[in-house]
Each structure stands twice: as C-alpha cells, then as structure tokens.
Amino acid sequence: MIEYSANAVGAVLAIAVVVAIPHIVRPAHEGWLRWSSVVGIVGYAVIALQYLRELALIPALAERYLTTDPSGRAAVEADLYLVPLDPQGWVTYGAVGTWLLTVNILALSRQRWARPLSYVGLASGTGYWFVVAGTVLRVDVLVSVAAAVGVLLAPVWLIWVGLVLRRSAAQAKTAGSTATAKAE
C-alpha cells in the first residue's frame, strides 16, 4: 500500500516536471519537445490512476484470496491481470520512457544541463522500455532488473532535474531584477 501510494503521488509530482522541462530545453526541436511532453503527461497520469486503482482494488482481492477455497483463489489470481489500466506498460512505462529518452537526447544535443544528468535520464528511459519489452515477451528477469533500474534512477533524475529547474528559475529571477534595475 505504501509503494502504491508513493508511486501515485510521485507520478502526479512528475507531471509538474514534465510541464517545466520545456522552459529549459527550448528552443531545441519544438515539435519533438511538445509531442514528448504530451506523451510524458499521459504516461504519468495513467501511472497515477493505475496505482490509485490498485490501492482501491488490491486489498479487497487480497481479502477474498485469503478467505476462499482453491478455485476462488485461482479466480482471484486471474482477476489480478485486470486490475492495471495498462497491463503491458505501453502507455505507462513506454510513454514515460519515450519522454525521458526524447528530453534527454534534446538536452544532451543542446547542452542544457550536465551530461551525467542526461545519461541518468537516458538510462531511466531505456530501463522503462525494457520493462515494457520484458512484460510483452514475458521475461520476468528482464522486468525485474529494468524495474529496479527505473526505481533507482528515475527518482534520482527527477530530483536532480528539479534542482536544475529551481536554479534556472532563480537565475531568471535574478536576471529579471538586474534588468529592471538597469532600466530604472
């Protein structure tokens, strides 16, 4: 329950990052930036909704599983596949992975932030796509390893880019104050 709650809140907070990123990466390939931002918002929104749905449904399914006979347990296990909004992860992990890859490629090509930050973002985006590949191909080891990479790197990237955004906003505010003082 803690994991699902943290993932839902994290996805909602990540939407704010998706909206703020274009202000730093611009004017690099406006079309790609706009498209990937929409894809990222959709991906994070579906992640948030999916984890909120799981928060609502999983406890009841777990209770039913514990209080029923073996045939009822088999039915509950079969129903678990129906709980996620995006069982294979195309919209969730695929969309967020696409956004991460696009934004970091654009930032890297325009040197909008430190190279290591772009590399962490590229690794996160690749990890998310490996989650999709592992789910579609039913390779549990790939899903586990890729999810672990995403769980570790994506929050690091989001926090790091948040600090970059904060610093960028502070510099813009300082530059605006200096320009106003010079105009007076």
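These numbers come from a predicted model, not from an experiment.
To the nearest 0.5 Å, the span separating OG on S109 from CG on N104 amounts to 10.5 Å. Note that CG of L165 is 4.0 Å distant from CD1 of I24, once rounded to the nearest 0.5 Å. Interatomic distance, CG of L80 versus OH of Y65, reported as 9.0 Å (0.5 Å rounding). In this structure, CD1 on I58 lies 5.5 Å from CG on L61, to the nearest 0.5 angstrom. Within the model, atoms CG of D86 and CG of L49 stand 11.5 Å from one another, a figure rounded to the nearest 0.5 Å. Note that the CD atom of E30 and the CG atom of L106 stand 10.0 Å from one another [nearest 0.5 Å].
When side chains are defined from C-beta on, S36 counts as touching V103, because their heavy atoms get closer than 4.5 Å. Taking the side chain as every heavy atom from C-beta outward, W113 and V161 approach each other to under 4.5 Å. Side-chain contact between W90 and V46 is absent, with no heavy atoms from C-beta onward closer than 4.5 Å.
The environment of R166 atom CZ is sparse: at most 12 non-hydrogen atoms of other residues, nucleotides or ligands sit within 6.0 angstrom.
A pairwise comparison of heavy atoms in G127 and A146 identifies O-CB, 3.3 Å as the closest pair. The two residues L122 and L101 have their closest heavy-atom pair at O-CD2, 3.6 Å. Residues A147 and V131 share a closest heavy-atom pair of N-CG2, 3.6 Å. V18 approaches S37 most closely through the heavy-atom pair CG1-O, 3.3 Å. Nearest approach of S124 to A154, heavy atoms of both residues: OG-N, 3.4 Å. The heavy-atom pair separating V39 from A95 by the smallest distance is CG1-O, 3.3 Å.
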Q: Verify side chain to side chain contact (heavy atoms under 4.5 Å, CB included) between V17 and L13, making sure each step is shown before the conclusion.
A: CA-CA 7 Å; V17 174; L13 294 174; over 6 Å; no
Q) What's the verdict on ring pair (Phe, Tyr, Trp, His ring centres under 6.0 Å) for W32 and W35, showing C-alpha distance, side-chain angles and the deciding distance? A) CA-CA 5 Å; W32 282 108; W35 173 80; 5.7 Å; yes
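Both I47 and V132 sit in one connected hydrophobic cluster of ILVMFWY residues. Membership requires side-chain heavy atoms under 4.5 Å apart, directly or through other members. Transitive grouping of hydrophobic side chains (ILVMFWY, heavy atoms separated by less than 4.5 Å) brings L100 and V149 into a common cluster. Put simply, V96 and L142 are part of two different groups of oily side chains (I, L, V, M, F, W, Y) that touch within less than 4.5 Å, one to the next. In terms of hydrophobic clustering, with Ile, Leu, Val, Met, Phe, Trp and Tyr side chains grouped at heavy-atom distances under 4.5 Å, Y93 and I41 are assigned to a common cluster. Note: the hydrophobic cluster containing M1 also contains V83 (ILVMFWY, side chain heavy atoms under 4.5 Å, direct or indirect links).
Looking at residues two or more places apart in sequence or on another chain, you find a side chain to side chain donor-acceptor pair (under 3.5 Å) between Y119 and R115.
Although no hydrogens or angles enter the test, the distance criterion places no donor-acceptor pair under 3.5 Å between the side chain of Q50 and the main chain of P84. Put simply, the side chain of T98 gets close to the backbone of G94: a donor and an acceptor are under 3.5 Å apart.
Using a 30° and 60° split on the angle between ring planes, Y51 and Y4 fall in the tilted class, from 30° to 60°.
When hydrophobic side chains of Ile, Leu, Val, Met, Phe, Trp and Tyr are connected at separations under 4.5 Å, L152 ends up as a singleton with no cluster partners.
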